[in-house]
Amino acid sequence: MDDIKQKLCPNCRANVEGLVHRCNCCGATLDKKPSFFIWHTYMTQESGDLQALTKKIFDEKAVPENPDHLEHVKKIIFDIYCYPQDMLGDMTNKVICYRTKKECRIRIVLDYEKYISSNSFEKTEMITDGIIAGIELFESRFKK
């Protein structure tokens with residue numbers, strides 16, 4: 001008797017059977033091909049369009065494709081949070097580079113109240129600005 005294996009998200013371990021490109025829960029890529037930019041979204045129901053807008057930004061290549069200092073990392077992972085302040089505690093924007101793994105994690109914390117009261121254009125601008133600011137902070141780490 002064959003064992004039935006569930007297809008699970010590599011990031012959050014959610015069942016992603018039938019999905020092709022991204023996890024519905026966290027936004028992690030399910031494609032086998034390696035990508036330089038990887039992104040995950042963490043949100044409440046009220047900020048539910050965060051995943052779709054972030055996907056649109058990366059699909060349309062609205063972020064710089066070739067940041068400086070690529071010799072230092074093989075991938076940049078964006079963790080984008082949109083939670084009320086009481087859920088975030090003291091969480092802030094942050095860039096962490098793991099030199100041994102040759103990866104960089106960029107945490108972006110969006111202003112929840114501003115995000116949920118904004119229109120789609122303003123939301124896209126907030127996400128894009130956060131991504132670009134994270135890349136600039138990453139690049140500044142390696143400038144001498």
Side-chain angles (χ1 to χ4, degrees), residues 5-144:
K5 286 197 168 199
Q6 250 183 349
K7 185 176 174 188
L8 300 177
C9 171
N11 183 53
C12 70
R13 309 302 293 163
N15 182 355
V16 291
E17 193 66 42
L19 300 177
V20 179
H21 300 291
R22 294 212 171 265
C23 172
N24 282 348
C25 290
C26 69
T29 184
L30 302 175
D31 294 338
K32 298 290 183 203
K33 64 181 181 180
S35 173
F36 182 71
F37 291 124
I38 298 169
W39 57 271
H40 307 125
T41 54
Y42 304 92
M43 63 204 158
T44 64
Q45 184 176 354
E46 290 77 17
S47 54
D49 60 351
L50 176 64
Q51 182 177 347
L53 293 174
T54 303
K55 178 183 182 331
K56 182 179 174 187
I57 290 167
F58 280 98
D59 286 351
E60 293 177 357
K61 308 226 184 293
V63 295
E65 280 203 38
N66 297 312
D68 294 335
H69 311 290
L70 292 181
E71 68 274 9
H72 298 287
V73 296
K74 290 183 181 175
K75 62 183 168 181
I76 295 179
I77 303 165
F78 293 93
D79 293 319
I80 304 171
Y81 292 85
C82 191
Y83 288 130
Q85 191 59 44
D86 59 339
M87 291 177 70
L88 292 171
D90 59 354
M91 187 183 290
T92 59
N93 294 343
K94 191 173 192 175
V95 174
I96 304 169
C97 293
Y98 300 98
R99 293 183 195 270
T100 55
K101 293 183 187 179
K102 292 200 108 182
E103 77 178 30
C104 178
R105 289 193 90 91
I106 298 175
R107 181 192 308 149
I108 300 166
V109 179
L110 300 175
D111 181 328
Y112 177 79
E113 296 299 326
K114 184 176 177 184
Y115 186 87
I116 63 171
S117 63
S118 297
N119 64 38
S120 182
F121 175 80
E122 294 166 331
K123 290 176 180 180
T124 302
E125 195 171 68
M126 286 174 63
I127 298 165
T128 305
D129 289 348
I131 292 168
I132 291 171
I135 290 173
E136 288 172 352
L137 186 54
F138 158 74
E139 291 177 338
S140 71
R141 291 254 171 114
F142 298 101
K143 289 182 181 174
K144 300 288 179 188

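No donor-acceptor pair closer than 3.5 Å links the side chain of Glu113 to the backbone N or O of Ser117. For the pair Asp79 (side chain) and His40 (backbone), a donor-acceptor distance under 3.5 Å is absent. Between the side chain of Asp49 and the backbone N or O of Ala52, no donor-acceptor pair lies under 3.5 Å. The backbone N or O of Thr124 lies less than 3.5 Å from a partner atom in the side chain of Thr128, making a donor-acceptor pair. Judged by distance alone, with hydrogens and angles left aside, the side-chain atoms of Glu60 form no donor-acceptor pair with the main-chain N or O of Ile57 at under 3.5 Å.
Atom NZ in Lys55 sits 12.0 Å away from atom OG1 in Thr41 (nearest 0.5 Å). In this structure, Met91 CE and Ile108 CD1 are separated by 12.5 Å, a value rounded to the nearest 0.5 Å. To the nearest 0.5 Å, atoms CD1 (Ile80) and CZ (Arg107) are separated by 13.0 Å. Rounded to the nearest 0.5 Å, atoms CZ (Phe121) and CE (Met126) are 13.0 Å apart.
Inter-residue side-chain proximity for Leu8 and Val16 is flagged as unmet; no heavy-atom pair is nearer than 4.5 Å. In this structure, Lys56 and Asp59 have side chains that are not in contact, with every pair of non-hydrogen atoms separated by 4.5 Å or more. Residues Leu53 and Gln51 are not in side-chain contact: their nearest non-hydrogen atoms beyond the backbone lie 4.5 Å or more apart. Annotation: side chain of Ile127 is in contact with side chain of Leu110 (closest heavy-atom distance under 4.5 Å). Side-chain contact between Ile77 and Cys104 is absent, with no heavy-atom pair separated by less than 4.5 Å.
Between Phe78 and Phe37, the angle of the ring planes lies from 30° to 60°, which puts this pair in the tilted group.
Applying the ring pair (Phe, Tyr, Trp, His ring centres under 6.0 Å) test to pairs two or more places apart or on separate chains, none has a residue in residues 82-117.
In terms of the side chain to side chain contact (heavy atoms under 4.5 Å, CB included) criterion, residue partners of Asn15 (sequence neighbours excluded) are, by chain and number, Gln6, Glu17.
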Could you walk me through whether Phe138 and Cys97 pass the side-chain contact (heavy atoms from CB on, under 4.5 Å) test, one step at a time? CA-CA 8 Å; Phe138 158 74; Cys97 293; 3.9 Å; yes
